[in-house]
Number of protein chains: 4
Amino acid sequence: MGLVKGLKIQKVDQSDSKPSVPLGRKRDNAVDERILESTTEILAEVGYDNMTMDMVVARAKAGKASVYRRWSSKSDLVRDVLSWMNRNSLELDGLPETGAIRSDLLAVLRPHSAAESDRKFRVLAGLGSFLSHDMGQTATGHFELFQPWMEVNRALLRRAIDRGELPPQADVEKALQVIASMAAYRGLIQHEPFDSEFFGSLIDGIVLPALKNPPPSP
Amino acid sequence: MGLVKGLKIQKVDQSDSKPSVPLGRKRDNAVDERILESTTEILAEVGYDNMTMDMVVARAKAGKASVYRRWSSKSDLVRDVLSWMNRNSLELDGLPETGAIRSDLLAVLRPHSAAESDRKFRVLAGLGSFLSHDMGQTATGHFELFQPWMEVNRALLRRAIDRGELPPQADVEKALQVIASMAAYRGLIQHEPFDSEFFGSLIDGIVLPALKNPPPSP
Amino acid sequence: MGLVKGLKIQKVDQSDSKPSVPLGRKRDNAVDERILESTTEILAEVGYDNMTMDMVVARAKAGKASVYRRWSSKSDLVRDVLSWMNRNSLELDGLPETGAIRSDLLAVLRPHSAAESDRKFRVLAGLGSFLSHDMGQTATGHFELFQPWMEVNRALLRRAIDRGELPPQADVEKALQVIASMAAYRGLIQHEPFDSEFFGSLIDGIVLPALKNPPPSP
Amino acid sequence: MGLVKGLKIQKVDQSDSKPSVPLGRKRDNAVDERILESTTEILAEVGYDNMTMDMVVARAKAGKASVYRRWSSKSDLVRDVLSWMNRNSLELDGLPETGAIRSDLLAVLRPHSAAESDRKFRVLAGLGSFLSHDMGQTATGHFELFQPWMEVNRALLRRAIDRGELPPQADVEKALQVIASMAAYRGLIQHEPFDSEFFGSLIDGIVLPALKNPPPSP
DNA sequence: GCCTAACCGAGACGGTACGTCCGGTCTTTTT
DNA sequence: AAAAAGACCGGACGTACCGTCTCGGTTAGGC
């Protein structure tokens, strides 16, 4: 479900005449934020399985109904937390402009602060249990967590092709998938942190060689 | 824990008098298989989180004690199921011998039958919840599921280097990690099947270009 | 709390200067009635415990604040409903004047119409949960529900003693208690209706024999 | 539901041949007792409304499932507690044999010990909320709480008629109802204790006069 | 006619209990 | 002693309700 659908509910049922002013008290956005913030913290501290809704509710100083009014289940809440986390850290700044694709990518991948990196890693590390809580739910489409991140990387790679730094046949989508997969595997399965050694060897050892040497198209 | 430790229990605690005659009824190996089989099916049908031990016990027509006598926990059981699945499909045949690294890799990655691929995919797709069920447990080392598979791939790549098909500086370990990560991401997060298009473009677009064009060592 | 106190709030807190002009919009008495009416109906239909304030509010087409502005809690509302019900049916007519205590009592006890009796019974039958909702609250004194009713009966009995129909030693208070207890037990615990057979045998079999044959004072 | 039905479940589904030995672990009667005991205590301490199932479970050192396996709801549990309480205190001793109906009745009504009386009173006083938790449930038949008690009184009254102490036309059932009603009213509504003054004046002022002076049958 | 305060319906809010469901352990009977 | 069956404790989940608070709007006086 997620935030958006919740809002839709009150607006969707007018079809013709009335502008359908939503009656009653308004949703308090501060509550949304307190809940998301608390959830993020708890995920980082104890992981998905050991996190309980009562913990969230207590730390957010919210009522259970306020949580379930917005998200239909624990997994639904966590799903939203993930996209919210990345939205927060990415939308602040525009694309990096270092002049070379290698440093552009590293600038994005390397988190802005050590604290942020640490938190993101700990959240991800405790997240395994969440991934397919309800099998069919996330079956279509990508996993929200990596989506905004990959958007930025996609733009960087496209720009590098445009200015001739990478060959036009370079398979951008595949490269993006490699980056996302390696990051997910490292956090979710290997439980190792996203340090610069990791990102560096990923870019230099795999991504750039593959992009610069695309296979001859069949 | 797994199968082995369960067996040890009855032999370890008498050391002197009796020549280790196991008293009472013998363990029934058919029970092991019924449980593993049922678990695999249920994993494919509903995923890790929605699978309950009672489901397993009911389908295997076993008792709960019989399960917990062999495996110490739900995750322990599933861990065993996974290596059991891979053992079954890999140990049959030795290394492929096609003469070229490309076809060698594809021969291993491509599953032997469509039905088997489908089941393996569905099990993996419903497995996310399992990955870090207990945060610290699998924190060190790799995930068992991919271990035997990567062993085979490692041997293939080493052989290709030995016979000069790949340069000696090729980073075998990184390549293995790319393969495992991409497979895990596709199954666990994207929930898309392991078809030959996927494996083909992975090998041709990423793995081989990266192996053949290693970065200049710093 | 009840109706009165709600009104008092706006009048009580200025005592000297202003001539106590209540500012703002006036309370709408129609709202009071809609709420009381709805509450009565719902009590008869589902009983105290299964009645929710949201039901009341929905049926009365009122807002929750409008209810809690007048009554401080669910029990407070129901308390008022009960005295309101009895006020309605008793205050209309003065004491009956049949000439004999037996017919006087029956005239009061027997409800005026079958429909009214039925509703009163159903309300009472679903009322148990309410009785000691807050243990200490009604601990002292009698239960309001039967108070006005017993007042009338008390007057009738006194009059009968005065005119010599009952002996002066007759224990009026005990007799009143018997009537109230039997009615409460029948409605609250036995869930059987207040038909004339019940009241008739109560008066003839218990109340009058006891009153006419008081025990020798010790 | 109650205790009995729970047991029936496992025995009811054999119809022809097998003696149907119930498989699996047996219900532990000690658990039943721990739960009933704890419930009684908590009822006496905080009343029905303020008693939570978690309190019961915690004090009884039981699991929630063990409670709900035996009783389908909070009210179901309390219903059973009540008959269990009275069964416990009455079945011990046979009918009293004082020779006169007055002292016989008082011997039964007056509780055996002050502590027992006090507990019984406190349970009853906090019980109001329970009475018609689900309206239709206790609609037919009497309320279990007073049933065993009235059985004893019925026997005493019959015996007194047989030996000529009371006239044969005495309405035993009505007298029993008076006793039960007065006791219920005093505990549930007036919240006053069952002291000997109360029982004494009830017997002497109401019950015996009514029994000894039955109305002329019409 | 405009201002201001209290009202109104609607409904979100914090808090808390309920009854369900599982994981992992323990007990009973049969093999 | 191991098997099937199932009861046991503990604890999280999602629902429902109470009494409070907030929203936009309406209804009166007093100016």
Side-chain angles (χ1 to χ4, degrees), chain A residues 10 21-28 30-31 49-55 57-58 60-74, chain B residues 10 22-28 30-31 49-55 57-58 60-69 71-75, chain C residues 10 21-28 30-31 49-55 57-58 60-69 71-76, chain D residues 10 21-28 30-31 49-55 57-58 60-74:
Chain A
Q10 12 178 341
V21 184
L23 292 177
R25 180 173 174 173
K26 297 287 160 43
R27 290 260 176 100
D28 184 352
V31 172
D49 267 13
N50 295 324
M51 167 183 122
T52 73
M53 292 308 260
D54 283 325
M55 284 183 201
V57 149
K61 286 197 161 300
K64 259 187 161 184
S66 298
V67 174
Y68 282 96
R69 200 174 292 118
R70 292 167 166 78
W71 299 278
S72 67
S73 67
K74 181 176 170 180
Chain B
Q10 33 171 331
L23 291 178
R25 177 173 176 176
K26 294 283 162 46
R27 277 233 187 132
D28 184 352
V31 172
D49 263 16
N50 296 325
M51 167 185 122
T52 72
M53 294 306 262
D54 285 324
M55 283 183 200
V57 150
K61 286 200 163 296
K64 260 184 157 184
S66 299
V67 174
Y68 281 94
R69 199 175 291 118
W71 297 278
S72 68
S73 68
K74 181 176 171 180
S75 13
Chain C
Q10 30 173 332
V21 184
L23 291 179
R25 179 174 173 178
K26 295 285 162 44
R27 289 251 177 107
D28 184 352
V31 172
D49 264 17
N50 296 325
M51 167 184 121
T52 73
M53 293 306 260
D54 284 323
M55 284 183 200
V57 149
K61 284 198 163 300
K64 262 184 157 184
S66 297
V67 174
Y68 281 96
R69 202 175 288 122
W71 297 278
S72 68
S73 67
K74 181 177 169 179
S75 14
D76 194 39
Chain D
Q10 12 176 343
V21 184
L23 291 177
R25 179 173 176 175
K26 295 285 162 44
R27 288 261 176 101
D28 185 350
V31 172
D49 266 13
N50 296 324
M51 167 184 121
T52 72
M53 294 306 262
D54 283 324
M55 284 183 201
V57 150
K61 285 199 162 299
K64 260 186 160 181
S66 298
V67 174
Y68 282 96
R69 199 176 291 119
R70 291 167 167 79
W71 298 279
S72 67
S73 66
K74 181 177 170 180

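A, B, ... follow the sequence lines: proteins, then strands. Residue 1 opens every chain.
Here E:dC7 presents its P atom at 22 Å from NZ of C:K61, a figure rounded to the nearest Å. Following rounding to the nearest Å, A:N50 (CG) and F:dG10 (C1') show an atom-to-atom distance of 15 Å. One can place CE of C:M51 at 15 Å from C1' of F:dA16, the figure rounded to the nearest angstrom. Regarding B:M53, its CE atom lies at a distance of 12 Å from the C1' atom of E:dT25, rounded to whole Å. Look at CZ on C:R69: it is 14 Å from C1' on F:dG19, rounded to the nearest Å. Atom CG of C:D76 and atom P of F:dG19 are 10 Å apart (whole Å). Rounded to a whole Å, the CG atom of A:D49 is 14 Å from the C1' atom of F:dG11. The CH2-C1' distance, from D:W71 to E:dT20, rounds to 18 Å in whole Å.
For B:A62, the side-chain contact (heavy atoms from CB on, under 4.5 Å) partners two or more places apart in sequence, or in a different chain, are B:I35, B:A60. Applying the side-chain contact (heavy atoms from CB on, under 4.5 Å) criterion to B:V57, with sequence neighbours excluded, gives B:K64, B:V67.
Along DNA chain E, the nucleotide nearest to C:A60 and the one nearest to D:D54 differ in position, and the one closer to the 5' end is contacted by C:A60.
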- Query: What string of B, S and - do you get for nucleotides 26-31 of chain E, 5' to 3', if B is base contact, S is sugar-phosphate-only contact and - is no contact with any protein heavy atom under 4.0 Å?
  - Reply: BBBS-B

Any N/O pairs under 3.5 Å between the protein and nucleotides 1-3 of chain E? List them or say none.
none

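If you take OG on D:S66 and NZ on D:K61, they are separated by 13.5 Å, rounding to the nearest 0.5 Å.
D:N50 and D:M55 get closest at one heavy-atom pair: O-CE, 3.1 Å. Here the shortest heavy-atom pairing between D:R69 and D:R27 reads CG-NH2, 3.4 Å.
Each of E:dC13, E:dG23, F:dG14 was ranked by its minimum atom distance to the side chain of A:K74; first place goes to F:dG14. Side-chain atoms of C:A62 lie closest to E:dG9 of the nucleotides E:dG9, F:dC8, E:dC8. Across F:dC13, F:dC18, F:dC9, the shortest atom-to-atom separation from the side chain of C:Y68 is found for F:dC18. Nearest nucleotide to the side chain of B:T52, out of E:dG23, E:dC18, E:dC7: E:dG23.
The residue C:M55 sits apart from the nucleic acid: no heavy atom pair falls under 4.0 Å.
For D:S66 and F:dA7, the shortest distance from a side-chain N or O to OP1 or OP2 is not below 4.0 Å.
Summary of helix geometry: the two end axes of the helix from E:dG1-F:dC31 to E:dT31-F:dA1, each defined by five base pairs via their C1' atoms, are inclined to each other by 10° (rounded to 10°).
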